[in-house]
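Below: the structure, in structure tokens.
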Amino acid sequence: MSDKDLRPSPVSATVDFDAVGARHGFLRLPYSRDDSAWGSVMIPVTVIKNGVGPTVLLTGGNHGDEYEGPIALFDLARTLKAEDVKGRVIIVPAMNYPAFAAETRTSPIDKGNMNRSFPGRPDGTVTQKIADYFQRTLLPLADIVLDFHSGGKTLDFLPFCAAHILPDKEQEKKGFEFVEAFGAPYSMRMLEIDAVGMYDTAAEEMGKIFITTELGGGGTATARSAAIAKRGVMNVLKHAGVVTGKIERQPTQWLDMPDGDCFIFSESAGLAEFAVDLGDAVKKGDVIARIHSVGHTGETPVELRSKMDGILTARHFPGLIKTGDCAAVIAQ
């Protein structure tokens, strides 16, 4: 279905994306509910425009329980001045604002996972309506997109910035150049286990330069992970030429996720005891975790083993795991 066949978006912006200067406002989505018949979902947005240059779209809170992005972007929206910008910066610290306000991965309104809702629908659920606005209004404005993620309440990651292997090798090359500029402790050539409906995919299919992060997890941000996010977003703006100044380069270790063998899924439910920690080197066949039955004593735990040589890049969080959960990710 083409854009001309779709209804207009019900989302309206209280800021002018083309006006020079710094403007703070909202993306307003009408939402009639029990406690407010004519209520709205109000998503904070900042637009900073000055001079001639590219447009960088910065987003966090795609999942509501991931905090490094919102911390870095609320701070950037407060501190970045129009006179320091050549081009345009669009900042949305919490894309799925209902999920962010509820401290949940998905929306409490419709259980929508923003990062599986693209291209969205203007006549769909609340999450689909927000996704549709990004798909048809914000992404077309952008040249470069940085979308912050971390592990939320159920995963913990080594802190990395990532881009995807793409059919368009020039687009891919530019993405990895931005990853290197971001300067996370680790840099990833990313493989997705399910790319359908993702914000990443929507942006890349439009030819945009798209980079993302995983900067920790456990449903919180640390001083270290927040500092990585703040430094990284400024490095991206400098690499884009939107902000002048020297990139604060940090040593980074490049990692690859070459195929589906990177992922270790648990076929048992129980208590996860990890045999290695994040960043530890592992060999093919090594025990990564043991899943203990919690329904009975005296049972032998199920061992989860690595299918490749590499390092432990992500692990399940917190202690109890369900059948089908991703227990660990190994990268090379």
Side-chain angles (χ1 to χ4, degrees), residues 22 45-62 66-95 134 138-139 141-150 157 159-164 166 170-190 199-200 202-204 206-216 221 224-255:
V45 62
T46 290
V47 184
I48 303 169
K49 188 175 188 295
N50 186 52
V52 177
T55 292
V56 182
L57 174 59
L58 304 171
T59 52
N62 190 323
E66 302 172 4
Y67 298 108
E68 285 81 0
I71 287 170
L73 296 183
F74 276 114
D75 184 69
L76 183 70
R78 176 181 61 87
T79 58
L80 186 62
K81 307 302 181 187
E83 56 265 29
D84 297 327
V85 168
K86 293 182 179 178
R88 178 169 53 183
V89 183
I90 301 172
I91 306 170
V92 186
M95 288 176 68
F134 274 82
L138 293 186
L139 282 176
L141 296 177
D143 300 295
I144 302 125
V145 183
L146 166 57
D147 184 41
F148 280 100
H149 285 265
S150 58
F157 285 89
F160 66 78
C161 184
H164 294 105
L166 299 172
E170 183 61 25
Q171 182 186 11
E172 176 189 293
K173 176 176 177 288
K174 290 177 180 178
F176 288 129
E177 288 172 353
F178 271 93
V179 169
E180 186 170 14
F182 184 98
Y186 295 87
S187 297
M188 180 75 75
R189 297 175 178 89
M190 192 80 166
Y199 182 45
D200 316 38
E204 289 162 352
M206 292 185 191
K208 311 300 181 182
I209 299 169
F210 184 93
I211 64 172
T212 187
T213 70
E214 297 288 358
L215 295 179
R224 177 173 181 252
S225 64
I228 293 168
K230 289 182 179 183
R231 182 181 65 244
V233 71
M234 286 303 298
N235 283 346
V236 165
L237 293 177
K238 290 172 184 176
H239 184 70
V242 172
V243 172
T244 60
K246 185 178 180 180
I247 292 174
E248 294 184 40
R249 295 199 179 275
Q250 301 289 323
T252 190
Q253 180 177 347
W254 279 90
L255 301 173

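Heavy atoms only: backbone and side chains are in, while hydrogens, waters and symmetry mates are out. Residue numbers count from 1 along this sequence.
The CG atom of Asn50 sits 10.0 Å away from atom CG of Leu80, with the distance rounded to the nearest 0.5 Å. In this structure, the separation between CD on Glu248 and NZ on Lys230 is 12.5 Å, given to the nearest 0.5 Å. Here the CD1-CG distance, from Ile48 to Asp84, works out to 9.0 Å after rounding to the nearest 0.5 Å. In this structure, Ile211 CD1 and Met190 CE are separated by 12.5 Å, a value rounded to the nearest 0.5 Å. Going from atom CG of Leu146 over to atom CZ of Phe210 covers 8.0 Å, rounded to the nearest 0.5 Å. The structure places CD of Glu66 at 9.5 Å from CG of Leu215, a figure rounded to the nearest 0.5 Å.
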Verdict with supporting geometry, Leu57 and Leu139, side-chain contact (heavy atoms from CB on, under 4.5 Å)
CA-CA 8 Å; Leu57 174 59; Leu139 282 176; 4.0 Å; yes

side-chain contact (heavy atoms from CB on, under 4.5 Å), that's the test. Do Asp200 and His164 meet it? Break it down for me.
CA-CA 9 Å; Asp200 316 38; His164 294 105; 3.2 Å; yes

What verdict does the side-chain contact (heavy atoms from CB on, under 4.5 Å) test give for Gln250 and Arg231, after you've listed the backbone C-alpha separation in whole Å, the side-chain angles of each residue and the deciding distance to 0.1 Å?
CA-CA 10 Å; Gln250 301 289 323; Arg231 182 181 65 244; 3.3 Å; yes

Take Tyr186 and Phe157, measure what ring pair (Phe, Tyr, Trp, His ring centres under 6.0 Å) needs, and give me the verdict at the end.
CA-CA 10 Å; Tyr186 295 87; Phe157 285 89; over 10 Å; no

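Closest approach of Cys161 to Ala184, counting heavy atoms only: N-CB, 3.6 Å. Pairing each heavy atom of Pro54 with each of Asp143, the nearest pair is CA-OD2, 3.3 Å. Of all non-hydrogen atoms in Ala22 and Ala82, the two that sit nearest each other are N-CB, 4.1 Å. Heavy atoms only, all atoms of each residue included: Ala240 and Val56 are closest at CB-CG2, 4.1 Å. Here the closest heavy-atom approach between residue Ile209 and residue Gly175 is recorded as CG2-CA, 3.9 Å.
The shortest distance between side-chain heavy atoms of Val179 and Trp254 falls below 4.5 Å. A heavy-atom distance below 4.5 Å is not found between the side chains of Thr59 and Leu138. Between Val92 and Leu73 there is no side-chain heavy-atom pair separated by less than 4.5 Å. Thr55 has its side chain out of reach of Lys49: every pair of non-hydrogen atoms, C-beta onward, lies at least 4.5 Å apart. Contact of the Ile228 side chain with the Glu68 side chain is not registered, since no non-hydrogen atoms from C-beta on lie closer than 4.5 Å. Inter-residue side-chain proximity for Pro159 and Ser225 is flagged as unmet; no heavy-atom pair is nearer than 4.5 Å.
Using bins of under 30°, 30° to 60° and over 60° for the plane-to-plane angle, the ring pair Phe178/His239 lands in the perpendicular bin.
In terms of modelled atom types and a separation under 3.5 Å, the side chain of Lys208 and the main chain of Val145 share no donor-acceptor contact. Checked by atom type and distance alone, the side chain of Asn235 never pairs as donor or acceptor with a backbone atom of Ile247 at under 3.5 Å.
Listed by chain and residue number, Lys173 satisfy the salt bridge (charged side-chain N to carboxylate O under 4.0 Å, His left out) test with Glu177 (two or more places apart in sequence, or in another chain).
Inspection of the Thr212 and Asp147 side chains reveals no N or O donor paired with an N or O acceptor under 3.5 Å.
Lys86 NZ: 12 or fewer foreign heavy atoms inside a 6.0 Å radius.
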